Amino acid sequence: IGLVSLISKVNKLSTKKKLLNNGQIIYAEYIDTIVNTMLEVNRRNPYNILCEWTNPNDQKKYIFKSDNIWYNPQNYIEQNNIKTFKVYINPNNMKKYYVDISNIDNNVVDLT
């Protein structure tokens with residue numbers, strides 16, 4: 001079980017690195033912050049940011065979910081009027097994407 005988890009994490013990091021280097025950058029509109037109830041550590045659940053983008057070529061809407069965040073970023077997002085997030089996508093495979101939350105992640109200190 002541990003090996004599967006490790007392989008999954010390595011693949012995810014590899015995909016993220018490829019997207020940061022070669023991915024197409026889009027700006028997706030912030031929708032909401034949700035609690036990830038599928039994961040719990042020490043009776044705490046992480047949060048995810050949801051954002052949406054409409055492809056101008058085919059008018060399809062895509063919803064992107066950030067990686068897990070171990071603090072609730074919603075107040076910071078609202079107080080700083082953050083409306084969009086940078087998303088790195090693979091235009092040939094929209095299932096491969098990375099939501100860049102560095103604009104909030106580098107500015108929040110979680111003391112809980």
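Keep in mind the model is a prediction, meaning the values are calculated, not measured.
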Considering non-hydrogen atoms only, spot the tightest contact between [X] and [Y] and give its length.
X: Glu40; Y: Arg43; result: OE2-CA, 3.3 Å
X: Thr54; Y: Lys61; result: OG1-CG, 3.5 Å
X: Ile89; Y: Pro91; result: O-CD, 3.5 Å

Separation of [Y] [atom2] from [X] [atom1] (nearest 0.5 Å):
X: Asn75; Y: Ile104; atom1: CG; atom2: CD1; result: 11.5 Å
X: Ile82; Y: Asn103; atom1: CD1; atom2: CG; result: 5.0 Å
X: Lys12; Y: Tyr98; atom1: NZ; atom2: OH; result: 9.5 Å
X: Leu50; Y: Phe85; atom1: CG; atom2: CZ; result: 10.5 Å
X: Tyr47; Y: Lys65; atom1: OH; atom2: NZ; result: 15.0 Å
X: Asn45; Y: Ile34; atom1: CG; atom2: CD1; result: 11.0 Å

With sequence neighbours excluded, give me every side-chain hydrogen bond (donor to acceptor under 3.5 Å, both in side chains) pair touching residues 83-94.
->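 Found Asn81-Lys83.
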
Within the distance-only criterion (no hydrogens, no angle test), does the side chain of Thr15 pair as donor or acceptor with the backbone N or O of Asn11 below 3.5 angstrom?
->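 Yes; at least one donor-acceptor contact below 3.5 Å.
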
Do [X] and [Y] have side chains that approach each other closer than 4.5 Å (heavy atoms only, starting at C-beta)?
X: Val41; Y: Trp70; answer: yes
X: Pro73; Y: Ile101; answer: no
X: Asp32; Y: Gln74; answer: yes
X: Ile77; Y: Ile49; answer: yes
X: Asn68; Y: Asn48; answer: yes

More than 12 heavy atoms from other groups under 6.0 Å of CD on Glu78 =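 Buried by this count: over 12 neighbours within 6.0 Å.
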
Above 12 or not: heavy atoms from other molecules or residues under 6.0 Å from CG of Asn42?
->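 No, because the 6.0 Å sphere around CG of Asn42 holds 12 heavy atoms or fewer from other groups.
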
Could you tell me how the ring of Phe64 sits relative to the ring of Tyr97: parallel (under 30°), tilted (30 to 60°) or perpendicular (over 60°)?
->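 Taking Tyr97 first and then Phe64, their aromatic rings stand perpendicular (interplane angle over 60°).
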
Joint cluster assignment, Tyr76 & Val99, ILVMFWY side-chain distance < 4.5 Å |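 Tyr76 clusters together with Val99.
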
Do the side chains of Trp53 and Leu19 join up, straight or via other hydrophobic residues, at under 4.5 Å, putting them in one cluster?
->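 Different hydrophobic clusters.
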
